[in-house]
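A quick write-up on the structure given underneath.
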Amino acid sequence: MTADARDPAALLQLSYAELSARADELRAAREGGTLARPALARKVALLSGSTTQYLARLLDLFLFESGIDAALYEAPYGSLVACVLDPDSELYRFQPDVTLLLPHARDLGPLPDVLAPADDVARSVERAAGAWVELWQTLLSRSHTQIVHANFELPLLRGLGNLEASLPFGPLAFVRALNAELARRRIPSVHLLDLEYLTSVFGLERAVDARNYYLSKQHFSFAFLPTLCLALARQVALHAGLARKCVALDLDGTLWGGTVGDDGVERLALGPDSAEGEAFQDFQRYLLRLKQRGVLLAVCSKNDPENARAPFERHPHMLLKLDDIACFVANWEDKAANVVRIAETLNIGLDSIVFVDNSAEERHRVRGALPAVHVLDLPEDPADYARALDAGAYFELAELSSEAAARTLSFTEERRRVETQRTFTDYDAYLRSLELRALVGPIGAADLPRVCELIKRTNQFNLRTVRHSEADLIRLLAEPENVGFQLSLSDRFGSYGIIGVVLLTKRGDALFIDTWLMSCRVLNKGVEQLVLGRMLREAAARGARRLLAEYRPSAKNGMVRGLYPRLGFRPLSEDETGSSYELSLADPPPALPHFIEEREAPPA
Amino acid sequence: MTDPTFAKLQQVFRQVFRAPSLELREEMTAADVRGWDSLKHVELMVAVESAFGVRFKTAEVASLENVGALLGKLRQKLAR
């Protein structure tokens, strides 16, 4: 078994052939006693109107990826009702924890006659539902099982055309009424699987396959089986206590468009002023609905805490408020460590968390470090965010009580612990796995537009926030006492483009760091260490004996307040305009480790 | 054997029956291949359909006697 998919939703990406191969591997591993991961043992009975062989093999795989090592009992074809009614049937000897009832349209029984009076139709709906209710009761009286009962998909064929929707005796109206009646008469320990919804979203025409039925008595198409298996596996997992409870959310690019630290609250894309802003707002609306039914919302953001909170407090179109967030974590640390912190604060398992982040790299990091957390493959377009989260059906619940809905409230009150420093011993391994490559070189004419944009717009990782104009920059770079360089970065996910700008100027025996700014996306990847190494070499090449540096606080650059001391600089002086530091070349700090392959950019 | 249809069909067989070294022969029948039962047969036909972009009629799926007959049907459909 491969270890990449630990949530069955990920299996939907695979073809039937691949799933089939994986299912075989799982069986072989189980027989050989070499299952890749521990899983809860559960007994699951499958009673279907179709042949179950295709479904059962796949279901086994979907269950295992849900954390369940299933013993499956498949009732013989055509014995769905008989094996429940017969007190001596195999079903009862098996003693299932969960029984899956999957009747299909051919088990509907006689449909009303054309032009049957409405009263007669209502009675036959009642009778049909009543037969299922009796079956549930019989099963429950003989077995301590949970029942998952799939309702009926809508009929594909419409002999009455559009009148099917209007006339009570048509098969369409009959199935709709029966599904509603089953929901109304549901009893405890019976849970309806909404096949009517599932087939309509998947496409009814693609979900059922008449030829398959004629050939092998399988009502559904092969293509639909994975979707059905995911829904069934979620139900079984739910009754094994394995449903997820919390969604951990990134902020910039996930809840709103833009970067709050750089763009400011006012310029975020959120709300009716832009198409993208509407999409972000709708995603928040969906999250709010999850929260109202008891899903915990947590924030996991790389940001200054004040910046991260600002939109919640004062953006006019922000639907989520701070009170909706059960645990709010915003800092510049490793996200995997922060997800662990969220789990601890909320006192839930890592396997209760779905991680939602628009950065492929953060997803890679969390997926690698915390396999129990489900990392959502977030689509690139915010218009698709809500559906991606919804389609995974991560937060199934058996019932909705007012207590469950109130759960988020108590978490909200308990939140906000003292922040503890927490490091991951395998962070280096993570950095190595990113395969970071840096190109460092002089600032050429072609680089000027991007470099000037960075100078103008970078607020957070900016040590002095000196906004040189393009003309100034060209003049400064032409003077022999100044040297500038720019740095671009790429990793296995792609290129970040130019992400750093440095301007150094000779002052007596020192080289002074006039400008050092970087995109905060690359923080904590070792780029600072790499840049420092480069500055030391530039200083040595110019006969300087030390580096001189200054941190000038601004409203937004709090994140680099402690940068120079952290890199080994010695404080010289401090006043209200800033702090000065130096680093002697005679006494350089040990080379700081980083995992970036550094290369010289070709001359522009 | 350089016939691309034959080679591609062999690939499908190898994948469906998880037999990476399976050598397809025209006279081969279900009895010659481990696991080729009536249920697997439908799975095989669906895999062949999706690999070649063709569709077999119900009766065709039910009546094919050996690999040669399947190849014949397949070539006939691909030629259209």
Side-chain angles (χ1 to χ4, degrees), chain A residues 1-2 13-32 46 48-61 72 74-78 156 203 205-229, chain B residues 4-24 28-31 33-67 69-74 76-78 80:
Chain A
M1 296 295 299
T2 51
Q13 312 300 322
L14 304 181
S15 71
Y16 182 81
E18 288 167 313
L19 289 171
S20 186
R22 294 273 291 266
D24 282 355
E25 285 168 31
L26 172 61
R27 279 194 179 184
R30 186 184 285 123
E31 279 160 21
L46 185 52
S48 170
S50 281
T51 48
T52 50
Q53 282 91 330
Y54 302 117
L55 182 66
R57 292 178 59 227
L58 253 50
L59 181 60
D60 186 23
L61 177 65
L72 276 169
E74 300 171 48
Y77 174 70
L156 182 60
E205 193 172 27
R206 289 171 58 223
V208 296
D209 186 333
R211 191 190 65 177
N212 251 10
Y213 179 77
Y214 303 134
L215 283 167
S216 57
K217 299 294 171 279
Q218 182 187 245
H219 182 61
F220 295 111
S221 67
F222 283 96
F224 180 62
L225 291 182
T227 302
L228 180 58
C229 283
Chain B
T5 307
F6 185 92
K8 196 168 169 184
L9 186 64
Q10 178 165 281
Q11 275 309 110
V12 175
F13 268 76
R14 287 176 176 182
Q15 194 180 18
V16 168
F17 294 107
R18 310 232 201 291
S21 54
L22 182 145
E23 293 291 331
L24 208 58
M28 211 175 230
T29 67
V33 179
R34 230 189 94 182
W36 192 351
D37 57 20
S38 61
L39 285 168
K40 200 73 179 176
H41 180 66
V42 177
E43 191 183 329
L44 172 69
M45 289 300 130
V46 171
V48 171
E49 285 178 342
S50 91
F52 288 92
V54 298
R55 172 94 181 167
F56 295 109
K57 291 190 284 187
T58 304
E60 288 170 338
V61 177
S63 68
L64 291 169
E65 276 164 15
N66 58 22
V67 170
L70 171 58
L71 264 171
K73 260 297 166 242
L74 201 50
Q76 203 181 353
K77 285 182 190 290
L78 290 172
R80 262 181 227 153

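Lettering follows sequence order; numbering is per chain, from 1.
Within a 6.0 Å sphere centred on CZ of B/Arg55, other residues, nucleotides and ligands contribute more than 12 heavy atoms.
Checking side-chain atoms of A/Arg211 against main-chain N and O of B/Phe56 turns up a donor-acceptor pair under 3.5 Å.
When each of B/Val12, B/Val46, B/Val16 is checked for heavy-atom pairs under 4.5 Å with chain A, B/Val46 comes out on top.
Looking at every heavy atom in both residues, A/Ala17 comes nearest to B/Gln15 through CB-NE2, 3.7 Å. Considering every non-hydrogen atom in both B/Lys40 and A/Ser20, the closest pair reads NZ-OG, 4.3 Å.
Residues of residues 214-223 of chain A lying under 4.5 angstrom from chain B, judged on non-hydrogen atoms, are A/Tyr214, A/Leu215, A/Ser216, A/Phe222 by number.
Proximity to chain A involves both the backbone and the side chain of B/Ala62, based on heavy atoms less than 4.5 angstrom apart.
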